[in-house]
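Numbering of residues begins at 1 and proceeds along the displayed sequence. Everything numeric in this text was worked out from a predicted model, so none of it was measured. Note: hydrogens, waters and symmetry copies are ignored here, and every other heavy atom, side chains too, is used.
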Amino acid sequence: MPDSPEQVVREVGKHLAQPRLGKDALVKLLKQAENALSELSQSSSLQDALHALSKSLAQTTLLNHKDKDVKLLVAVCFIEVMRILAPDPPFSDEILKEIFRLFISIFADLTETSSPYLTRRMKILESVAALRCSMIMVDIGCEDLILDMVKIFFTSVRQGLQQSVCQAMLSIIVQILNEKVTQPLVDLILRNLVKDGKGASHKLAFDIIHNCPEKLEPIVRSFLSSCIFNKDIPVNDLRKLHHKVILEIYQCARQILFAVIPNLTHELLSEQVDIRLEAVHLIGRLLALSNLHFGQENKLVFIEFLKRFSDKSAEVRIAAIDAAKACYMVKSSGDEAQDILTSLQGRLLDFDEKVRIRAVNTVCDLAKSNLSLFPHEVILLAAERLRDKKASVRKNVMHKLLELYRDYCEKCSKGTATVNTHYEQIPAKLIVCFHNDIESFRPQNMELIFAEELFPSSLSPKERATHWIEFFSYFKPEHIKALNIIFSQKRRLQLEMQAYLSLRAKKEEPSDEIQKKICASFRKMATSFADTSKAEECFKNLHQMKDNNIFKDLVGLIDEGTTFATSCLIRDSFLKRIGHKHPIHSFFKILSIKCSYSIFNREMICAIFESLLSCGNELTDYVDSACDLLLVVALVFPSLFRGSEEYLLKLLSEESVLINEKTLRILAHLAKPTHHLSISFSNVIYPLLEQKCIEGTRAESKYAITAIASLHSPDDQKFAKLCKKVVSGLNDNRNVPTLLQSLGSILEHSPSVYELYGRQIVNSIQDILMSTEFISTSGQSSLDGNSTCCCSCKLKVYCLKALVKGFLPRIARARINGILGKLLEYEKGLFPDIALCENDSLYLQLAAGKCVLKLATRWDSHISPELFRNTILMARDPSYIVRKSFICKLYGLLKRRAIPVRYACALALASTDCSGDVRAESANYLSEVLKEQRRFFVQQNRASKDSIVDNPAYAVVFLIHTLAYDGGFPSNYIEDQTSFPEFCSPLCVMLRALVEVDSFNRTEHGPTISSVSVLSGIFRAIQKAEDPSDSEITPKLHILSKIGLLIIKDLDKHCKMSDSPRHILLPSSYYKLSGSERKVDECQENFISDKLVKRILKAHEPYKHQDNVKCSFVSERVSSESAPEREACSALSKLVGRNASVCDKGKGNKSLASGKSVSKKKDQNTNSSLEKENVSSCGSAGTKLSSPGSLGLSKEADSGDCVSLLDKQKRPMNRCSTRNTRASEADPNSCRKTVDISNFRLRECSELEDIGDCDDNFVKPPLSNKRADLKKRGKRALQLLNSQNSSDVTGVDTRDNVRCTRARKGLPAFYKISEVETHISLQMLL
């Protein structure tokens, strides 16, 4: 029978007491003891049996043995003995300390997970936990051992250890903390809690705190409070990480922090930026971790946190924005989320650009995370930063919005999102950042954005078309203008590339002429790139390449029939042939995008048509936008519509309700023979076009006639038949406005009709002009019912416009002088052959002025000086509405270069207007026109620098003439020197603008002929000339020219008078060579001095005011030097005041428009000899008794505070207008009151405004609230767009003698000396 466990234990105890036992013997004995002890149950009665073993184990030789195996077996025996005799182990405190030290050394080996002894070590650990030995350690004062043991636990714990081991460690530490909590132990736990890389040690510390919150709370609270309040205490590693401690504890035992968290407001209010910064980071993470419940539980801290969005430190504000992003990502509902979003929204307008950038990025990221739920108004507010004053902000916003829009399109394509009107507004916001001064926003780069970055590359043409239609509905005139610039630039590059490839493909040897043409193409194509000089060099490098496949790829890219997929393949092939390591690979990549139809192609056009036709006959906003988009594309890329003929036929079918102004304009443009559509529309479409000419609106009839003219020859019998129906309708008073529009268009396109029906046309129009009764219009119960202009007046204006259109064709040369004479009478306010209603005069005068401008596009050489003066002086009409409307019309014509630049004199006159908006617009228009004309002049005269007449500076010749004839010219200028600064203001404005444009062109185009030198030559030439009709005007011409010469010398200090042209040509109708040398007036010489010029320039320094500035601003600046009490009103105002009271006929009020025999005789002679003399006048204006003074020109509002007349709609004008003075010849003793029509709302004027607008003489009143609300939905009236390519519609013939030379050179109708014009040549002796 084997020995019992007790007996084995006794025997082993005796043998272990023997000295000098070897390792093997010890190991054998200890294993026997281990096995025997494991069989014994816990019992205090076994103490005697275990006495010998316990005593032997406690020997120093065994307790401190060096061998690991022996130490492990000894530890196992100790723990077994303690288990059996628990709770009273038979060891002294000292021995227990050594035992625990042994245990701790065993625990350190727990990391050896592959050791065969791991099981024994785990058994010891679990037994220590189960026997609660840690309590004994606390009782006997083993704090150091406890700390070492806990350190070993944190070091030894691994992810691979069994869960029981980790649980044992946790149990031991919890037992210790429940008995006694010490600061070192807490510090140790906290350090492991915030250790980088959340491993097993972090998990152990986390569990410890989670299980002992009450025990740890006092020490942790004291520690954290000390970290928050006592910043002067030396900082250790743990104190630096106290925010991380808070964050971790908040996740495991937030009750510990109840007393700590309110103290965080102390850090949020700290004077130190880094402390506030860390506090914001902490609270943001606490909010995110708690799903924003932290904000509900700690209101004061949350409120102070929200205030950090407005912190004085940009770093803190950025940190708050980052925190807002994290919080809103977690929870987007509730009051706290809304408060955070509101605070974030406020940072979009932060004064620091970095903060604004971060705010926009955050908004876009939040929107991407939840497209449907994120507030759309916040996205639109972020998009407004595209107008930011900092280019870096605008660039960043642009890229973030593009990223957001691409994400939105991709999700729509996958079906995870639906079309959202707010996101569709992003492209409209993007294109509004179009800016020539910043490289990223120039049209060259904006094209790349719309071609490559707007949509995901995977988006199909149909999906692209859908998005284009959606977001195009939000395009306003300024957006369409920018888009047209991008499209036009792309089209020019494609056409030039076609021309270059054609030249290169010629088989004959390249000649010098071909080489010059190739270089010219390179220069033109280079303008489509941001760096033109570098691009030109790159084109030259391209030309040197020998691989013909490269050029074949370019041919494929510019082919209109290339699909998106094929285009991508060709581009990849092209770039592969170039090579990715090529120095200018990036240039060729951009070139391949610009050459290809990467924005629109035939696939897109067909997709838009399909989408449009799928809507049926419903006239929705979507349909309206699709028509607008097709129109814009058709005007620039008509060739893309080849292949869409069947869609056009369906669109214009009899059952369709889509036959409107827009679709008719599309047809009118695409029907041109040059666009080569493959289907003849004449027989199918003509009945519908004829119906629109008779029953449609004026705009519809206009484009219907144009379409008919494109589909048929001008001599086609269809025009004659149509004209007969139109005249019959006029006699029956049916839809008269439309019929008048049709009649005018027919006369314009088919002049031969006038020979057939001339008498009937004249009789019908005369009946309307003489009628004072209301003429009914079938289908149109009212003509703009909200307008104060009566229907009879409007019909008279329509009659006038129809007549004028009949004089545009070349065949009307014999009749042109008659209509010009009539228009001069109308501008003067004389209407002998028109029956006037109460307020007709004002509208008819405005219409007459615009008609003169229209005729100037063809018959400018027939316009007399008097008519020119009367017309441009409309810019100073007493009526605000006349001035504004006339300026808009004039600007559109000048911008297209449809009329000579000399008409820009009117803009100079208006740029000194008393109304702030008129003044600002006129100054801007003048600058734009002069820049465009100067650019065109430089491009067309690179070879010859002797063409002075085409120089924009030549307009000054006519401005001086107009000012000299002004009845407000100061008669006693020598005594009253204060009136001259005001009177000379238009001249000062014009000269300043010319000098600025000259400086701009020197930087853009390099050295060219200087406008300053041209002006110098002009002024010197005028000093040697005299007025051909009135000798009293000559001194005024000389005074103004001398002042102008001094002004330009002052404006351009570096100008060299020696560079002035030696020959200056002056128009013979305006100037003649002085017959004899004039005596020098000493008083005049003393008067015109540098001091006077200084005062003029100082009085009219460049200024930019908002609307409704005071009229007397400039006058006060002038009068402050010499006459402080002088009333701030112009010479014109004084003159009008005298005429209103006594109709003074003195010399100071002399009007050269009417009433004076000398002027009248002169103008009669001029008119009668126009054909003989062949004058070279360049404009059309009337003589108007007005002063060119800068301010005080009109008393439509109080002189003290001249606000916009739109704000004073009910204020009457109880004074005589300048135009009334013109009519004084008919009734010199009476003055008619001018009607105040200031309650009209002017149409917004842009360069895209339709020059031939059917109703451009009438200004629409403000929209009602209901109508205005509809406009806010992003739908705009496309008639502002309808001006582009209107020359194609109006069909103005430019083959008269004056323009035939320029037409051969491919130049627009622009003022040019020709063989039929006479000038005087004054040789300058410099």
Side-chain angles (χ1 to χ4, degrees), residues 147-148 150-157 159 169-170 173 177 181-213 215-290 294 298 301 304-305 308 313 315-316 318-320 322-323 326-327:
L147 196 61
D148 291 340
V150 174
K151 286 180 181 179
I152 289 175
F153 284 168
F154 281 119
T155 305
S156 303
V157 68
Q159 294 291 348
M169 292 180 179
L170 174 63
I173 298 174
L177 292 175
V181 180
T182 61
Q183 184 68 52
L185 182 58
V186 173
D187 290 348
L188 178 61
I189 296 171
L190 294 180
R191 281 193 177 90
N192 284 277
L193 181 69
V194 297
K195 185 178 290 186
D196 293 335
K198 293 187 177 182
S201 60
H202 170 269
K203 177 68 168 56
L204 178 60
F206 187 94
D207 292 338
I208 292 169
I209 296 174
H210 179 72
N211 284 277
C212 304
K215 297 294 183 179
L216 294 173
E217 192 271 338
I219 293 182
V220 171
R221 171 170 46 81
S222 175
F223 164 72
L224 293 176
S225 298
S226 174
C227 292
I228 293 172
F229 290 105
N230 301 326
K231 300 295 182 181
D232 297 333
I233 296 178
V235 179
N236 56 29
D237 295 340
L238 188 58
R239 290 181 69 89
K240 289 180 180 179
L241 298 173
H242 73 283
H243 281 170
K244 195 171 182 180
V245 171
I246 293 175
L247 185 66
E248 295 295 339
I249 292 177
Y250 188 81
Q251 298 176 68
C252 59
R254 64 182 61 181
Q255 61 268 35
I256 296 177
L257 302 174
F258 285 161
V260 176
I261 286 177
N263 298 334
L264 292 177
T265 55
H266 179 77
E267 290 191 336
L268 290 171
L269 295 171
S270 173
E271 291 295 327
Q272 299 180 38
V273 174
D274 57 338
I275 294 177
R276 298 198 306 275
L277 188 64
E278 292 176 1
V280 168
H281 282 305
L282 171 64
I283 295 174
R285 298 189 66 181
L286 292 174
L287 285 165
L289 286 170
S290 65
F294 178 89
N298 303 276
V301 177
E304 196 57 46
F305 166 76
R308 291 313 98 208
S313 169
E315 292 181 79
V316 176
I318 290 175
D322 293 339
C327 295

Kindly give the heavy-atom pair with the smallest separation between [X] and [Y], and that separation in Å.
X	Y	result
I208	F154	CD1-CZ, 3.7 Å
A253	P213	CB-CB, 4.0 Å
I189	A205	O-CB, 3.5 Å
L287	C327	CB-SG, 3.4 Å
A323	G284	CB-CA, 3.7 Å
P262	V301	CA-CG2, 4.0 Å

Could you tell me if the side chain of L204 sits less than 4.5 Å from the side chain of N192, heavy atoms only?
no

Is there a side-chain contact (heavy atoms from CB on, under 4.5 Å) between L257 and L224? Walk through the geometry before answering.
CA-CA 9 Å; L257 302 174; L224 293 176; 3.6 Å; yes

side-chain contact (heavy atoms from CB on, under 4.5 Å), that's the test. Do L286 and N298 meet it? Break it down for me.
CA-CA 11 Å; L286 292 174; N298 303 276; over 6 Å; no

Test your reading of the model: is there a side-chain donor-acceptor pair from [X] to the backbone of [Y], 3.5 Å cut-off?
X	Y	value
S156	F153	no
H242	R239	yes
S225	S222	no

Classify the ring geometry between H202 and F206 as parallel (under 30°), tilted (30 to 60°) or perpendicular (over 60°).
tilted

Students often mix this up, so state it plainly: with edges at 30° and 60°, are the rings of H266 and F229 parallel, tilted or perpendicular?
tilted

Once you round to the nearest 0.5 Å, how far does [atom1] of [X] lie from [atom2] of [Y]?
X	Y	atom1	atom2	value
I256	H210	CD1	NE2	10.5 Å
Q251	L289	CD	CG	4.5 Å
S270	I228	OG	CD1	11.5 Å
T182	L147	OG1	CG	6.5 Å
L190	L241	CG	CG	10.5 Å
L185	K151	CG	NZ	10.5 Å

Can you tell which of H243, Q272, R276 makes a side chain to side chain donor-acceptor pair (under 3.5 Å) with E267?
H243

Within 6.0 angstrom of R285 CZ, more than 12 heavy atoms from elsewhere
no

Taking atom CG of N230 as the centre, report whether more than 12 heavy atoms of other residues, nucleotides or ligands fall under 6.0 Å from it.
yes

Quick one, V260 with V220, criterion side-chain contact (heavy atoms from CB on, under 4.5 Å). Give me CA distance, side-chain angles, the key distance, then yes/no.
CA-CA 9 Å; V260 176; V220 171; over 6 Å; no

Where do I261 and Y250 land on the side-chain contact (heavy atoms from CB on, under 4.5 Å) test, with the steps shown first?
CA-CA 10 Å; I261 286 177; Y250 188 81; 4.0 Å; yes

May I ask you to establish whether R308 and F305 are in a cation-pi arrangement, using a distance under 6.0 Å from NZ or CZ to the six-membered ring centre and at most 45° from the ring axis?
no

Below 4.0 angstrom, N of the basic side chain to O of the carboxylate: do K244 and E248 qualify?
no

